[in-house]
Amino acid sequence: MISSNPVRGARDILPGEMLIRDTLEQKILSIYRQHGFSRIETPALENIDLLLGSEGGENLKMLFTILKRGDKLKISEDSTTKDLCDMGLRFDLTLPLSRFYANNAQTLELPFKAIQIGNVFRAERPQKGRFRSFKQCDIDIIGDPTVSAEMELISTTAKALLAIGFEDFTIKVNDRKLLNAFIKKAGFAEADIPSICISLDKADKIGPEGVAKELVDKGYDEAMVAAFVREAEDISLDNIGDKVDEPEAVADLKRVIETSQTLAEGRYKVVFDFSLIRGMGYYTGQIFEVSYGPYGFSIAGGGRYDNMIGKYAKTSVPAVGFSIGFERIVTILMEEQAGKKASSESIVLFYDAAGDDMAQVIRFADTLRDQGKTVNLTAMKKKFGKQIGYYADKDYDGFMVFGRDEAIKSFD
């Protein structure tokens, strides 16, 4: 017998969770649209050259690729991924957006404010709140080179998180330009920056000592690594200007953080975090990430990627984006709201399939729906008592029998 289980790293979503997911997505989408963003859709499949040339960092090791078909597939001992595959599944929504804009720029306004909500795919080890196929909710601003775009994205994302029930979260902000300058000043070569960032990105998991050990294991000088890690720990928003010679970037960073703190009005925190890296190699400026409560993972993240669109267009176009990790917020809210009733009253309306006029049944159900109730039409069975018992164990507030009841009855 063929197994009915979903493939490892994927899952079936039951109606109860789907209701929560739909509600969350609608609230997020509503906030995004209120702020002037327009929804687009891009294919899950992308060209293999585009994916492999994306500076996707560690995600390129988790790429789902698709073999060439028919005569195009020629296998040899020396075959590379590009020899064997011509397509792959997208690992994020930023790369497809960049290609989308380069392909459709002539029909889009500038700046272009995009919404993307869709699944991405990574062949990683499944864990709590993370799957091999998972949904992201992105907003991006293309064509604005100023940090006004960063401030708008931070504010809009924060409003979306507040709207779906999150409070007291922390938005961490850093700048890859400052980070890169600091790494080079410490004595590392520019070519080493991606490798060093990969190690630094693990600081929250393995600590400064773990980062130092990993860098030494990579072959970097032990004394230089020790000094670098020690000084990185002491960097703050007050002294960052003394550590790197990037006055404009420092001023922009302070402006974004101070403005965002003002807009937060105490509902959430906005802080500088020099240990924030973000795994993608395509980030060129400010980066951000949202942490919440005791959970050991971020619930949103993003940053500026000014050089990516230029790979697919004749000219470079500045761009910055912020993505909400949909699966993680669903996991958290399902845990925190377990056992809570929905705000809308939900009832079962039983009817006699043989004797009742279905048009009248539906019209009566619609009058209840107009009152804000959720109504599930269900034909009565012969063993009606047993049927009532079945629905008593479901998430309904009560029931009615069409033509017999004038008020909603409790299952109790």
Inset, instruction - Write out all pairs satisfying ring pair (Phe, Tyr, Trp, His ring centres under 6.0 Å) with one or both partners inside residues 193-215, taking only residues at least two apart or from two chains. - result: none
Legend entry - Residue pairs involving residues 309-323 (criterion salt bridge (Lys or Arg N to Asp or Glu O under 4.0 Å); sequence neighbours excluded): E55-K311
Legend entry - Shortest non-hydrogen contact from V320 toward L153: O-CD1, 3.4 Å
Legend entry - Expected output: side-chain D397 to main-chain I347 donor-acceptor under 3.5 Å: no
Legend entry - Within residues 154-177 or reaching into it, pairs that qualify as ring pair (Phe, Tyr, Trp, His ring centres under 6.0 Å) - sequence neighbours excluded: F166-Y292, F169-Y268
Inset, instruction - Would you check if the side chain of N103 reaches a backbone N or O of R99 as a donor-acceptor pair within less than 3.5 Å? - result: no
Legend entry - Geometric cation-pi criterion, R328 with Y295: 6.0 Å, 45°: no
Inset, instruction - Identify, with sequence neighbours excluded, every residue that meets salt bridge (Lys or Arg N to Asp or Glu O under 4.0 Å) alongside R230. - result: none
Inset, instruction - Can you measure from CG (L368) to CE (M400) and round to the nearest 0.5 angstrom? - result: 6.0 Å
Inset, instruction - For A365 and L377, work out which heavy atoms get closest and say how close. - result: CB-CD2, 3.8 Å
Let me have the donor-acceptor pairs involving side chains of residues 189-198, under 3.5 Å, with sequence neighbours excluded, atom names and distances please.
from, atom 1, to, atom 2, distance (Å)
D192, OD1, Y220, OH, 3.4
S195, OG, K218, NZ, 3.0

Inset, instruction - Would you please name every residue forming a side chain to side chain contact (heavy atoms under 4.5 Å, CB included) with A105, sequence neighbours left out? - result: Y101
Inset, instruction - Mark yes or no for whether S155, through its side chain, and E152, through its backbone, hold a donor-acceptor pair below 3.5 Å. - result: no
Inset, instruction - If a pair satisfies salt bridge (Lys or Arg N to Asp or Glu O under 4.0 Å) and one of its residues is in residues 281-296, list it, with sequence neighbours excluded. - result: R278-E289
Legend entry - Rounded distance (nearest 0.5 Å) linking atom CG of L45 with atom CG of L89: 5.5 Å
Legend entry - ring pair (Phe, Tyr, Trp, His ring centres under 6.0 Å) contacts in which one or both residues fall within residues 11-33, not counting sequence neighbours: none
Inset, instruction - Please check if the side chain of R304 supplies one atom and the backbone of A149 the other of a donor-acceptor pair under 3.5 Å. - result: no
Inset, instruction - With sequence neighbours left out, write down each residue that passes salt bridge (Lys or Arg N to Asp or Glu O under 4.0 Å) with K177, or none if nothing qualifies. - result: none
Inset, instruction - Using a strict cut-off of less than 4.0 Å between a Lys/Arg side-chain nitrogen and an Asp/Glu carboxylate oxygen, indicate whether D92 and R122 qualify as a salt bridge. - result: no
Inset, instruction - Using modelled atom types only, decide if a donor and an acceptor are shared between the side chain of N174 and the backbone of F274 within a distance under 3.5 Å. - result: yes
Inset, instruction - Please confirm whether the backbone N or O of L215 pairs with a side-chain atom of S199, one donor and one acceptor, at under 3.5 Å? - result: no
Inset, instruction - Give a yes or no on whether a salt bridge exists between R369 and D366, defined as a side-chain N under 4.0 angstrom from a carboxylate O. - result: yes
Legend entry - Qualifying residue, where the test is side chain to side chain donor-acceptor pair (under 3.5 Å) with E327 and the options are R21, K135, Q136: R21
Inset, instruction - Could you list all the ring pair (Phe, Tyr, Trp, His ring centres under 6.0 Å) pairs where at least one residue sits in residues 142-164, not counting sequence neighbours? - result: none
Legend entry - SB check K185 E231 (cutoff 4.0 Å): no
Inset, instruction - For Y390, look at atom OH and say whether over 12 heavy atoms of other residues, nucleotides or ligands are found less than 6.0 Å away. - result: no
Legend entry - Considering all heavy atoms, the nearest D352-M380 contact: N-CE, 3.8 Å
Inset, instruction - For this output row, return yes or no: ring centroids of F350 and F384 closer than 6.0 angstrom. - result: yes
Legend entry - Heavy-atom pair with the smallest gap, counting every atom of L253 and V173: CD1-CG1, 3.7 Å
Inset, instruction - Only counting residues at least two apart or in another chain, list the ones meeting side chain to side chain contact (heavy atoms under 4.5 Å, CB included) with P208. - result: V229, E233
Legend entry - All salt bridge (Lys or Arg N to Asp or Glu O under 4.0 Å) counterparts of E246, not counting sequence neighbours: none
Legend entry - Presence of salt bridge, E41 and R90, under 4.0 angstrom: no
Inset, instruction - Taking all heavy atoms of C137 and all of F326, pick out the closest pair and write down the distance. - result: SG-CD1, 3.6 Å
Legend entry - Over 12 foreign heavy atoms within 6.0 Å of CD, E222: no
Legend entry - Non-hydrogen atoms of K172 and S291 that approach each other most closely: CE-OG, 3.6 Å
Legend entry - Side-chain donor or acceptor of E46 paired with backbone N/O of F91 under 3.5 Å: no
